[in-house]
Structures are given as C-alpha cells and as structure tokens.
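This report concerns only the one structure given below.
In the text below, chain A, chain B and the rest are named by the order of the sequence lines, each starting its count at 1. Nothing here was measured: the structure is a model prediction, and the numbers come from that model.
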2 protein chains.
Amino acid sequence: MSLTASLLTAATVLVDDIHSGVAARGYTDIRPTHGFVFSRLSEAGATVTEVAEHLGVTRQAASQIVDELVAKGYVERRPHPSDARARLVVLTERGVRCTWAAEDAAVDALESWEDILGEQRLLAMRDELVRLAPNGPLRPAW
Amino acid sequence: MSLTASLLTAATVLVDDIHSGVAARGYTDIRPTHGFVFSRLSEAGATVTEVAEHLGVTRQAASQIVDELVAKGYVERRPHPSDARARLVVLTERGVRCTWAAEDAAVDALESWEDILGEQRLLAMRDELVRLAPNGPLRPAW
DNA sequence: AATATATAGGCAAGAAGCTTGAGCAAGTTA
DNA sequence: TAACTTGCTCAAGCTTCTTGCCTATATATT
C-alpha cells in the first residue's frame, strides 16, 4: 500500500469516526467540512475569504457554507472591526459547544490509535506531517 | 495543529500534486477518484461492488464512475468468470499506462517530502499509517 | 424441483455542493 | 477624483453524488 493511499485512508477513517462521534453527541445537521470551518474560526473568527482559502474552494462556495451555518445557528456574521467591506464570521455559543463535542469525539476516535502506536509516536507523526504540509488547504472534495 | 488536520492537509497536498503531475503527463480528463479506482483494479480487476466499497460510495455511483472511465477508454467491462450476474472491470492498455504515469507523478511529488524527512521516516510513517487504518475506504468527498 | 430470498448491476430522477458570471460597496492608488 | 482592486453575495448552471426502482442470476428453504 502506497504512502498516498495509506494517508488518505487514515484521514478518511479518522474524519468519518469523528463525524460519527459528533453526530452521536447530538449535532446531526453538519458535515466534516463544517468542522474544518469551525477550526478556522475558533481563534478569533475569520473572513469569508479566509475560510475559502482554508477550505480550498471559491469565495462563493465559502459564503454559501457560512450561510448554512448561520441558518443552523453555529456562526454569525459581524461587521469587521477594521474593514467595512469585510465581515467577521465568528462562532456562536452553539458553535463553540459543537467544537468541544468535536474535540471529545476526536479524543475517542484516537483512543484506538493510541492503543496501536502509543501517544508518543502519534505526536511524532503529527509533527512530521505538519513539517511536510504546513499550509495546505483541507479540500472537502476531489 | 491537530493530527486530524495535519493528516488531511498532507493528504490533500499530495493528492493535488499527483493529480497535477498526471495532468502534465497528458491525462487531463480524469480526477483523483479515478486514480483510486485504477489502484483497486490494477491487480486482477474488480467488480463494481468492490469498487464501490473501495471508494466508500454507493454501487450506482461506482457504476457511473466506471461508465465514464469506459467512455474515456481507461477500463472495460468483461463477463465475470465465475458469476454471471457480475462483471469484471479491468484496465485497458491506456488505463495501465495512466497508472504508470500516476506512479511517476507520485515519485515526483514525494521528492520534496524525502528532502524534508528522508526516505526512512517516510516509509516508517507509511507502515504506521497502514497499521492504523488497514482497510478503510478512500472516500472522494465529505 | 419449486419457491423464496439475497446479491450484482444499472436506469432514471433528484438533491447536494461546487463553479462561473455578474454586480455592488468599500478600500487603495495615482 | 478617477481608476482600479478587494470583499462579499446573488443567481444560474454543472458535476457528482444519492434514492428508488427494476432485471437477472445465485443461493437457501421446503
């Protein structure tokens, strides 16, 4: 099995597991893509353009995704503090609670991995992966 | 950056790079998904159902993808040797040459990664990833 | 052997989620 | 202040998936 295939299957399995865990915690109306958005917003929010770059999609697509998250109560659009053209997308309380649930789900999903490799090597792998692809997008589809 | 995010960005970057390399070698009418199909077929072919499981999509979707690959000359459907219901999907010569091009492109794409981590650790990472998720699907979208 | 059920595959319609194209408002440059 | 750029969004369209249904063959039951 190639590195490419093993990377992809590992990523797919992990994302699917976390997605199931998030759904089991009551958040059944969102997709993994939305989680990628949340992680971009969690620090201090972001503009639609920044979300688009993070996901590797067009600004229009990012805008639609944000629309959906607004409608479902996970995020809201605020005026941008320093640029009246832009709008700052930030997590609502519901959005924050959902990211907590996702972190919980990630811990659960990684438990079986820690049993196999141990926390040490898992962290080492993460560090190596970050060195290999520090700033890439999280494209939701191919 | 989390393990999940680093896994996904690394996989995304690698897939995008290989896809570009394959396109640069003249195969501009296929997507990464098709490459995942090729890798499943390369041994001894596979049924549509097996392709569907490999990709993590419905049988109908897999059938449509195979339709497209047949139309473009990369694969063909043959009667299955031991089950008259099933059909064996196999690579054509064009399909085989395309998988070669993909392997070339993968080597190119991995060069910069070898510069960063070295071949040893890259192979070690692959082994670890295989242990973590041996039989997962390569879902083309979330 | 006859019947019931399961499995492989595919057609058609529809939905999800992206892109392209166009346009407005606000910022930046000359 | 005029020209251009940037941030965003509306609308339309397209790609690619799913759902629902159907046929043919295989397998299990009686």
_Just to be sure I understand the geometry, which residues of residues 45-54 of chain A put a non-hydrogen atom under 4.0 Å away from DNA chain D?_
A:Thr47, A:Val48, A:Thr49
*nucleotides 25-30 of chain C: protein proximity per nucleotide (B base, S sugar-phosphate only, - neither; heavy atom, under 4.0 Å)*: -BS---
*Kindly calculate the angle separating the two end axes of the helix from C:dA1-D:dT30 to C:dA30-D:dT1, each obtained from five base pairs, and round it to 10 degrees.*
30°
*For D:dT9, does OP1 or OP2 lie under 4.0 Å from any side-chain N or O of A:Ser63?*
yes
_Rounding to an integer number of Å, can you tell me how far A:Lys72 NZ sits from C:dG17 C1'?_
12 Å
*Whole angstrom value for the distance that separates P of D:dG7 from CG of A:Leu88*: 14 Å
_B:Val90: hydrophobic cluster co-members (side-chain, 4.5 Å)_ = B:Leu88
*In whole angstrom, give the distance that lies between atom CD of B:Gln60 and atom P of D:dT19.*
9 Å
*Rounded to the Å, how far apart are A:Arg87 CZ and C:dC24 P?*
18 Å
_I need the full list of ring-ring contact (aromatic ring centres under 6.0 Å, His included) pairs touching residues 29-85 of chain B, with sequence neighbours left out, sorted by first then second residue._
B:Phe38-B:Tyr74
*Which residue, B:Gly56 or A:Arg59, contacts DNA chain D at a nucleotide closer to its 5' end, judged by nearest heavy atom?*
A:Arg59
_Nucleotide D:dC10, atom P - distance to CG of A:Asp67 in whole Å_ = 6 Å
*Would you mind classifying the nucleic acid contact of A:Arg139 as base, sugar-phosphate or nothing, using non-hydrogen atoms under 4.0 angstrom?*
nothing
Please write out the pairs of protein N or O atoms and N or O atoms of nucleotides 12-17 of chain D separated by less than 3.5 Å, giving the distance to one decimal.
unit_1, atom_1, unit_2, atom_2, d
D:dT16, OP1, B:Arg31, NE, 2.9

